[in-house]
Amino acid sequence: MSDTGLDGADNPGTASSVHGRLIRGLGASALGPLVTVVIQFVSVPVFLYFWGAKLYGEWLILSAIPSYLALSDVGFGSVAANDMTMNVAAGKREAALDTFQSAWVLITVVSVTLLALVAVAVWFVPWQLWMKLSVISDPGAALIMVIFSAYSLTSLQNGLIDSAFRCDGNFAFGTTCSNVLRLSEAAIAMIPVALGGRPFHVAATYLFVRIIGSAVLLLILRRKSPWIRYGTTHANLASIRRLASPAFAFMAFPIGNAISLQGLTVLVGVVLGPVAVVGFSTMRTLSRVGFQVLAVIARALWPELSTAFGAGNISLARNLHRRACQVAFGLSLSCSVVLAVIGPRIYGGWTRHAVGFDPLTSGLLLLVILANSFWGTSSVVPMASNQHEKIAVGFLIGTSLSIGLAWMLLKPFGTAGAAIALLVIDCSMVWLVLRVALRQLSDTAGQFARSMLTMPDFGLLLQYAKNWRE
């Protein structure tokens, strides 16, 4: 077999099957950032028009905090998805079912416990004092926190459903369903905003739609993969112990992301106020259009890497990594250049000039996305095989330090200080993640660099064209 890892007969690791799954996965994953962009570009002006910058800024702060509860699965959801996919690729469905039910029992018990604690504790927090709120009262903030906490914990169950779709070769279908659910709940939530509803009504709408959507996804999963069953028969402590180490390490990624996204949002609000939160949040959203493109590649690559590792096909995994990094860097560079040129005009029209545009902050955030094109794509290699402990620790330490660095830079540099902190950490992660990924793939820095400088392989596009004609 050649180094491409795509030669040979039609089996799960050959050209026709890998290309077919990648094309479907890329198409479904591409829907994700499109949905995110549509939601952001529609919801931001709607919120600003009906609520104003002050109330919208307070909403952003409060809705960001419950996202930390998504960490309550302690990483078992993501690690279980990898383990299930590798087991199915190796022909071990029984082991995959053990992992699924064990993860479901653990996540459900922890979620119910946490929701009960939150429902009691939030009423004793002085939200207006701590978060500098002036429009939303303490009881109103507490009620929003309870509802959004229930929403975040319900979303954990959706993550496990996505894992079930993915492991049985239905990654593209499951991803499409999840994106349709996100778009539906965002669209329906705009109704109470336009009708004069307050934050409580919008939060309740999000939760209601999420619950209904989750029930529909469960019915679809039962028809697609009847062998994946909810219950406790196959749940066992042995599976939980086996996954414990990579699960706790995986928890560093959502924690780090929460620190980087929601943590910085809250910090900017505390130091500079709610209006500055709107400015930083919207500029970051605009810059992350390029990041959404990278997420498409990473999401489509992930299940294929897990399958390749499960089947022991390292050459396929190495080739997938090289192609993905090459495409990711090219696309992120193109997106950054375009946004640097037309970004200010888009931003002004998008926000209806309710907040000012900061060119320095915007430029720094675009550089952050460029650095992330390498390490974000390469990080999928160790994560897809549950060998991510080293980069997880580095990411958590880095994002934690970024909060301290941002704290020192926010007052002298404004929102640009937060962008500088992000850029420092992302550049450090490039060095760490590439070292780990190349070692796991038995690749060298020289060979990897040469692959980045060669003409892209358009085999996937040709295969897509062939499938389209047929």
Side-chain angles (χ1 to χ4, degrees), residues 64 67-68 249 251-272 276-277 279-295 298 325 328-329 331-333 335-337 339-340 343 357-383 388-438 445 448-449 452:
S67 64
Y68 285 90
M251 188 173 61
F253 295 111
I255 292 177
N257 283 327
I259 292 173
S260 177
L261 294 172
Q262 286 77 24
L264 270 183
T265 297
V266 173
L267 180 62
V268 170
V270 170
V271 177
L272 302 178
V277 170
F280 179 73
S281 177
T282 50
M283 280 187 287
R284 194 174 188 184
T285 297
L286 183 62
S287 72
R288 285 172 68 84
V289 169
F291 179 83
Q292 300 300 331
V293 176
L294 301 179
C325 286
F329 181 74
L331 289 177
S332 65
L333 180 61
C335 287
S336 296
V337 171
L339 287 174
F357 179 79
D358 185 345
L360 178 58
T361 300
S362 177
L364 289 168
L365 290 173
L366 291 177
L367 290 177
V368 169
I369 298 303
L370 196 60
N372 193 273
S373 66
F374 267 122
W375 84 259
T377 305
S378 292
S379 66
V380 179
V381 172
M383 287 194 290
H388 49 267
E389 285 89 345
K390 187 173 182 178
I391 67 169
V393 172
F395 182 58
L396 183 57
I397 293 175
T399 51
S400 299
L401 292 175
S402 72
I403 293 295
L405 182 59
W407 180 271
M408 294 186 292
L409 298 177
L410 276 172
K411 286 188 177 180
F413 297 104
T415 54
I420 293 172
L422 289 173
L423 182 59
V424 170
I425 300 307
D426 272 70
C427 288
S428 301
M429 288 298 297
V430 170
W431 174 81
L432 172 63
V433 174
L434 275 178
R435 286 188 62 192
V436 172
L438 294 180
F448 175 76
M452 295 298 100

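The shown structure was predicted, so the numbers you read here are calculated from the model rather than taken from an experiment.
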query: Can you name the closest pair of heavy atoms from Ala419 and Leu364 and give their distance?
result: CB-CB, 3.6 Å
- line: Here the pair of heavy atoms bringing Ala406 nearest to Ala418 is CB-CA, 4.1 Å
- line: OG (Ser378) and CZ (Arg435) are apart, to the nearest 0.5 Å, by 14.0 Å
- line: Rounded to the nearest 0.5 Å, the CD1 atom of Ile425 sits from the CG atom of Asn372 at a distance of 12.5 Å
task: On the 0 to 90° scale, with breaks at 30° and 60°, tag the Trp375-Phe395 ring pair as parallel, tilted or perpendicular.
output: tilted
- prompt: Under a 4.5 Å cut-off applied to non-hydrogen side-chain atoms, are Leu264 and Leu422 in contact?
  reply: yes
Evaluation steps, side-chain contact (heavy atoms from CB on, under 4.5 Å), between Ile255 and Ile259: CA-CA 6 Å; Ile255 292 177; Ile259 292 173; 3.9 Å; yes
- request: Quick one: do Lys390 and Leu432 satisfy side-chain contact (heavy atoms from CB on, under 4.5 Å)? Show the steps, please.
  value: CA-CA 9 Å; Lys390 187 173 182 178; Leu432 172 63; 4.1 Å; yes
field: Thr399 backbone acceptor or donor facing Ser402 side chain under 3.5 Å
entry: yes
- prompt: Just wondering, do Arg288 and Leu261 contact through their side chains at under 4.5 Å, heavy atoms?
  reply: yes
task: Name all residues meeting the ring pair (Phe, Tyr, Trp, His ring centres under 6.0 Å) criterion together with Phe413; count only those two or more places apart in sequence or in a different chain, and write none if there are none.
output: none
query: Nearest 0.5 Å, what's the CG-CD1 distance between Leu423 and Ile369?
result: 10.5 Å
statement: The side-chain hydrogen bond (donor to acceptor under 3.5 Å, both in side chains) partners of Thr282 (sequence neighbours excluded) come to Tyr347
query: How far apart are the closest heavy atoms of Ala298 and Val380, and which atoms are they?
result: CB-CG2, 3.7 Å
task: Taking Ser332 for its side chain and Ala328 for its backbone only, find out whether a donor-acceptor pair lies under 3.5 Å.
output: yes
message: For a quick test of reading the model, state the closest non-hydrogen atom pair linking Leu438 to Ala445 and the distance between them.
response: CD1-CA, 3.9 Å
- prompt: Which atom pair, heavy atoms only, marks the closest approach of Glu389 to Ala249?
  reply: CG-CB, 3.6 Å
statement: Separation between SG (Cys335) and CG (Leu366), nearest 0.5 Å, reads 10.0 Å
task: Of all the heavy-atom pairs spanning Leu286 and Gly343, show the shortest one and how long it is.
output: CD2-O, 3.7 Å
- prompt: When rounded to the nearest 0.5 angstrom, what distance separates CG in Leu365 from CE in Met283?
  reply: 7.0 Å
query: Can you tell me if Ser362 uses its side chain to pair, donor with acceptor, with the backbone of Asp358 under 3.5 Å?
result: no
statement: To the nearest 0.5 Å, atom CG of Leu267 lies from atom CG of Leu272 at 8.0 Å
Candidate pair Phe448 and Leu434, rule side-chain contact (heavy atoms from CB on, under 4.5 Å), full reasoning: CA-CA 10 Å; Phe448 175 76; Leu434 275 178; 3.9 Å; yes
message: Any non-hydrogen side-chain atom of Leu396 less than 4.5 Å from a side-chain atom of Phe253?
response: no
message: Checking Leu401 against Ile397 for the side-chain contact (heavy atoms from CB on, under 4.5 Å) test, could you report, in this order, the C-alpha distance in whole Å, the side-chain angles of both residues, the deciding distance, and whether it holds?
response: CA-CA 6 Å; Leu401 292 175; Ile397 293 175; 4.0 Å; yes
